[in-house]
Protein chains: 4
Amino acid sequence: MRALIKHHAGTELKFVPDHSVPSVGPRDVLIKVSKVGICGTDRHIWEWDDWAAGRIPVGIVTGHEFVGTIAAVGAAATKYPVGLRVSAEGHTTAWKDYNSRTGNAHIAADTKIIGIDRDGCFADYVCVPEENVWPVHAKIPDKVAAVLDPLGNAVHTVMAAGVSAKSVLITGTGIIGLMAVTVAKAAGASRIFATDVSPARRALAKKLGAVEAFDPRDNAWIGEVRKTCRGEGVDVLLEMSGAAPALNQGFEALRNGGTAALLGIFKRPEAFDWNRQVIFKGCTVLGINGRKMFETWYQMEELLLSGRLELSDIITHEFPIEQFKKAHETMISGEGIKVVMSVNG
Amino acid sequence: MRALIKHHAGTELKFVPDHSVPSVGPRDVLIKVSKVGICGTDRHIWEWDDWAAGRIPVGIVTGHEFVGTIAAVGAAATKYPVGLRVSAEGHTTAWKDYNSRTGNAHIAADTKIIGIDRDGCFADYVCVPEENVWPVHAKIPDKVAAVLDPLGNAVHTVMAAGVSAKSVLITGTGIIGLMAVTVAKAAGASRIFATDVSPARRALAKKLGAVEAFDPRDNAWIGEVRKTCRGEGVDVLLEMSGAAPALNQGFEALRNGGTAALLGIFKRPEAFDWNRQVIFKGCTVLGINGRKMFETWYQMEELLLSGRLELSDIITHEFPIEQFKKAHETMISGEGIKVVMSVNG
Amino acid sequence: MRALIKHHAGTELKFVPDHSVPSVGPRDVLIKVSKVGICGTDRHIWEWDDWAAGRIPVGIVTGHEFVGTIAAVGAAATKYPVGLRVSAEGHTTAWKDYNSRTGNAHIAADTKIIGIDRDGCFADYVCVPEENVWPVHAKIPDKVAAVLDPLGNAVHTVMAAGVSAKSVLITGTGIIGLMAVTVAKAAGASRIFATDVSPARRALAKKLGAVEAFDPRDNAWIGEVRKTCRGEGVDVLLEMSGAAPALNQGFEALRNGGTAALLGIFKRPEAFDWNRQVIFKGCTVLGINGRKMFETWYQMEELLLSGRLELSDIITHEFPIEQFKKAHETMISGEGIKVVMSVNG
Amino acid sequence: MRALIKHHAGTELKFVPDHSVPSVGPRDVLIKVSKVGICGTDRHIWEWDDWAAGRIPVGIVTGHEFVGTIAAVGAAATKYPVGLRVSAEGHTTAWKDYNSRTGNAHIAADTKIIGIDRDGCFADYVCVPEENVWPVHAKIPDKVAAVLDPLGNAVHTVMAAGVSAKSVLITGTGIIGLMAVTVAKAAGASRIFATDVSPARRALAKKLGAVEAFDPRDNAWIGEVRKTCRGEGVDVLLEMSGAAPALNQGFEALRNGGTAALLGIFKRPEAFDWNRQVIFKGCTVLGINGRKMFETWYQMEELLLSGRLELSDIITHEFPIEQFKKAHETMISGEGIKVVMSVNG
């Protein structure tokens, strides 16, 4: 089969036209891939930064966002039939620890991720455990179904915080931050504020539903947001930048008793004023990782069926997998936001 | 002052041009009334049914939905200045019991309601305890501010159940049921289904955001709703009819583990199958009364500021208070939905 | 192997010394049974009442409460090794619906129960899907591990309601009601009240931690409980009797805004006053079924490790399986409370 | 009246035999003080550290933990009669902001605290707004009622985190940490672990209910706690030390998806690894301040009525107010834990 593999401990990927199809274990499902999405993580892998060098096994097929069709099922797999259109949760686990057995498998201690720790979906076929399969609703087009993984990050963050009838601040409108704007609006946020250094991203955030989008390099916006929110601050902070100054600004803008959900990954530990930002204010802080397995996936389906998610301005480009180089460059350059590659369909 | 009083133990109200202005206690606030809404409860009072005859003291000024301006404050009242545009929560309490002291004063054991247990707002002036005052946001017009009380019933029900990214069934689209449709949509419900015997109300429910509205006299809709909701049923039931068959249908349409919020008042106790409807299904049932004091009011403000509430088709008529007879008849006949009377403005 | 089977459509069970050992599917686990518990459900099966006649397939091995040791695992089973001491959740599901995939498999739509819908544990061996296995902590003795299923009903009810620092009323102190007394105390209930018609059960409830236990045939206790609970009523009602009068009494004793968790199964639908008992009071009602898979099991383990559960007065008798007739009669007569049978150990 | 006042901008307090009794506003209550507790905050005031110098107005009566009897009520105060035995919440607010009006007045933006921002209770009389009064249950002795304020800190922390049937780690067993041990046990924690540098405090923590108490200077305990908690870590962290290393150790010992409640105040901002400690683990962090007004007070009453709180080893000393110097020195030296002063009774 065709596959993109991390062929050496360095930059880029290699297109291999005749990679072997994954073998299907008794409880696995083999999926013929239709479309895939390129994640920010795939950029790290492409650029082979320190994180990638320390985590990615050379030789694997990368990619973890996809939609496809079940091509074969293992001998003991019983849940889903061949031919079903599916996506899959990329986090695998043995389903044995506390979190796996209580509805929180997304934070299982033994998580392995497809396209990162094991072969992924940038190929004609990908193999996942049966438990990871997500049947895709007929009304959701392939282009959207290919990016349920990152959309799920946004939905998980928004739904964990709870935004219904609440004012919301989103610090950082990269791909997932932008998704969070449209998700938060569809999920019932009353007023959405955003911050980003990029004027283009701020403009898009407003188009997607933000009341106002601010350049975080000037602190004045904090007072403005607090004032318009009863002089008290926003109800909810969604931190999506992984930048320490954004985190602090976000907490300054958050009202006493507000909720902060943190998805952005920070480059390094930095000083944090717990007293001022969290303790005296009586705030709640939620660490967000992955997608709830599978509550988030059900929420995504409902939000997509609502017809209120605006993803057409976020999924900006599509290339055939053979143009993987151009696809990655389009994403890395910032010219594209979410870039999809078509594999079979 | 002008006032509508329940002048005798029988039907209708009497317009009195020279009623005495309420005296203002040390912790009270006197409000000059701008506009008022006529509630379903006011219909019971007008028609003097058994409930009204057993509860309403003859001689009181009726009415409990209003907006106005603070005209005077008591000697020990310190919170709000004269001239402030305000509405007020109509449930009064001594703020001494468990619920009053823990954010749930709406279910205090000693609740007295203006316009029902004590003088109300169908008059030039109404007097309420300072704690009950709600400053109205400048962006909310008087016509809407006059009906925050019933809107609050809808918001309380919707928010208690939690509808964000969930499918919702509303059984009964009277005034509050219709409000619940637009509130649920604004609060993030993914798909809203409604039932009502009136074709006009069903049409309006769809206009306000319901995916489908069914005539409950034919049970077939239950299977249809269950099928479209993964074959499992809706996530949330909002019971707004007070009709036992609607309650049972609602539970039939509710998925295992779903949440039902009950606002409709039932005429009499009727047989209920706890095993089938609640216990085996692992459902949660919430009794809803009034509005949370004051969480619901904050939620209302946010929802109104979102610009997503559609109330113009619900607030259908406005009359000067002198035409109170026509106003009540318009509401009682069903020609109007929510009818507002202007008093001063 | 030895097995107790429902040999004909009538009363009692039949001891079969040479029943065939269950065949082990690829994802199944075969468990050699050490001890089993006799459930109230087993009484229905023994007595062959209407429910049993309508549900139980003649010919199956009955019993669903047990502890044992893994004797063999299926070809595709990977989670647990042979030799591990285990119990198992008796509710099986295909793990495909909303509840199964979101931490609530106990209310899956397709649930089949061992010993009721398929072969159970009153035998030398029982076979269950790998996902149902629960490894038993070394500090929990077999006699207790044999009854984790009913203990789980009590724990699920108590934990769903939330009893920490709350006053609790338990209506009905049968086996699970008595377990609920000790569980509620261990889980942090401040004051526990109980009702039961049996003086012996009331005495035992008090021994296990109830402040007071009342005979429900005299209503006076309701006022007494309300008075001692701030004049407002108890915070939490745990309904464990399945008797309509107990349900109504329980709601009368419950404070406004309180929570009722219903585990008892009612004989038939009976009239219920929603307005008075739930809506005007703003109460929350929870339907409880089975045990959360597997949150309840973790909670049980913690509660048992706390050393605060008092089960020695509840597990009153133990017989070898060959004395199954005496075992069942001891339970049915009320002489015993929880009766255990030893199979292998 | 007798009063202890902060007489100059420096160390210690001054005993004044003839201070003027506070004047009673129309909505205030004057309370004759029976007993008072000395808080850690009072130590800062006594020693006049930077915090105290920046916050405390010279000349005020200090002290904020007390029990007494209502001596007089303001002209517009209606809730409580003269002669009632009461304590009071020390945080005052105008009850106008979001948190005040939704059951979270403890984090109101305009909070002023008695004995810190305005005259306190180290005197024959103290004056508080009527809303702050807490009637003390007859079964709670004065010695305990005098320290409901710090006990409330412990109860708020424990109840916010939720400990029922959960394993709990308490980092730091100062006065409130020790109270948290007995509170957590009474509230249903299954297993409590504690850390403290003081052998005496560790011994007391174990006496009060901790399974084990560790010296945090050797990290080995973290692995031990994780191992005994299914190899995953504790369910709940209660941070009560205000020491950055304890915070980090606490998070290391906390399982994925666990909850941390932070009460301890940190000396300065320090580097924190959000990725490792919170985000990847999917943890929840709660900032805790004061006591919920008044949910915490009700919870305290219930916990005290349970008879399970062990406070006799924590309230170690009692002195007449005239021996205030010895009382403060006993507390500051660490010879005493919680020190009470008797004023009138």
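This one's a predicted model, so the numbers in the text were calculated from it and none came from an experiment. The sequence lines fix the lettering, A, B, ..., with proteins before strands; numbering per chain opens at 1.
Between the CG atom in L84(D) and the CD1 atom in I70(D) there is a gap of 5.0 Å [rounded to 0.5 Å]. I288(D) contributes atom CD1, which lies 7.5 Å from atom CG of L262(D) (distance to the nearest 0.5 angstrom). Distance check: L151(B) CG to I176(B) CD1 gives 9.5 Å after rounding to the nearest 0.5 Å.
By the 4.5 Å heavy-atom criterion applied to side chains, F66(D) and I31(D) are counted as neighbours.
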- [ ] Go through the steps to decide whether L30(D) and V21(D) satisfy the test side-chain contact (heavy atoms from CB on, under 4.5 Å), and finish with yes or no.
- [x] CA-CA 9 Å; L30(D) 184 73; V21(D) 172; 4.0 Å; yes
Task: Working for side-chain contact (heavy atoms from CB on, under 4.5 Å), residues V126(B) and V36(B) - done: CA-CA 11 Å; V126(B) 61; V36(B) 299; over 6 Å; no
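For a residue to count as touching a neighbouring chain, one of its non-hydrogen atoms must lie under 4.5 Å from one of that chain's; by this rule A76(B) touches chain D with backbone and side chain alike.
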Geometric donor-acceptor pairs, no angle filter, chain D-chain B, under 3.5 Å:
{"from": "R27(D)", "atom 1": "NH1", "to": "A76(B)", "atom 2": "O", "distance (Å)": "2.9"}
{"from": "R27(D)", "atom 1": "NH1", "to": "E130(B)", "atom 2": "OE1", "distance (Å)": "2.6"}
{"from": "R27(D)", "atom 1": "NH2", "to": "E131(B)", "atom 2": "OE2", "distance (Å)": "3.2"}
{"from": "A76(D)", "atom 1": "O", "to": "R27(B)", "atom 2": "NH1", "distance (Å)": "2.9"}
{"from": "K79(D)", "atom 1": "O", "to": "K96(B)", "atom 2": "NZ", "distance (Å)": "2.7"}
{"from": "Y80(D)", "atom 1": "OH", "to": "R101(B)", "atom 2": "NH1", "distance (Å)": "3.3"}
{"from": "K96(D)", "atom 1": "NZ", "to": "K79(B)", "atom 2": "O", "distance (Å)": "2.7"}
{"from": "D97(D)", "atom 1": "O", "to": "Y298(B)", "atom 2": "OH", "distance (Å)": "3.4"}
{"from": "Y98(D)", "atom 1": "N", "to": "Y298(B)", "atom 2": "OH", "distance (Å)": "3.3"}
{"from": "R101(D)", "atom 1": "O", "to": "F294(B)", "atom 2": "N", "distance (Å)": "2.8"}
{"from": "R101(D)", "atom 1": "NH1", "to": "Y80(B)", "atom 2": "OH", "distance (Å)": "3.3"}
{"from": "R101(D)", "atom 1": "NH1", "to": "V133(B)", "atom 2": "O", "distance (Å)": "3.1"}
{"from": "R101(D)", "atom 1": "NH2", "to": "E131(B)", "atom 2": "O", "distance (Å)": "2.9"}
{"from": "R101(D)", "atom 1": "NH2", "to": "V133(B)", "atom 2": "O", "distance (Å)": "2.7"}
{"from": "E130(D)", "atom 1": "OE1", "to": "R27(B)", "atom 2": "NH1", "distance (Å)": "2.6"}
{"from": "E131(D)", "atom 1": "O", "to": "R101(B)", "atom 2": "NH2", "distance (Å)": "2.9"}
{"from": "E131(D)", "atom 1": "OE2", "to": "R27(B)", "atom 2": "NH2", "distance (Å)": "3.2"}
{"from": "V133(D)", "atom 1": "O", "to": "R101(B)", "atom 2": "NH1", "distance (Å)": "3.1"}
{"from": "V133(D)", "atom 1": "O", "to": "R101(B)", "atom 2": "NH2", "distance (Å)": "2.7"}
{"from": "F294(D)", "atom 1": "N", "to": "R101(B)", "atom 2": "O", "distance (Å)": "2.8"}
{"from": "Y298(D)", "atom 1": "OH", "to": "D97(B)", "atom 2": "O", "distance (Å)": "3.4"}
{"from": "Y298(D)", "atom 1": "OH", "to": "Y98(B)", "atom 2": "N", "distance (Å)": "3.3"}

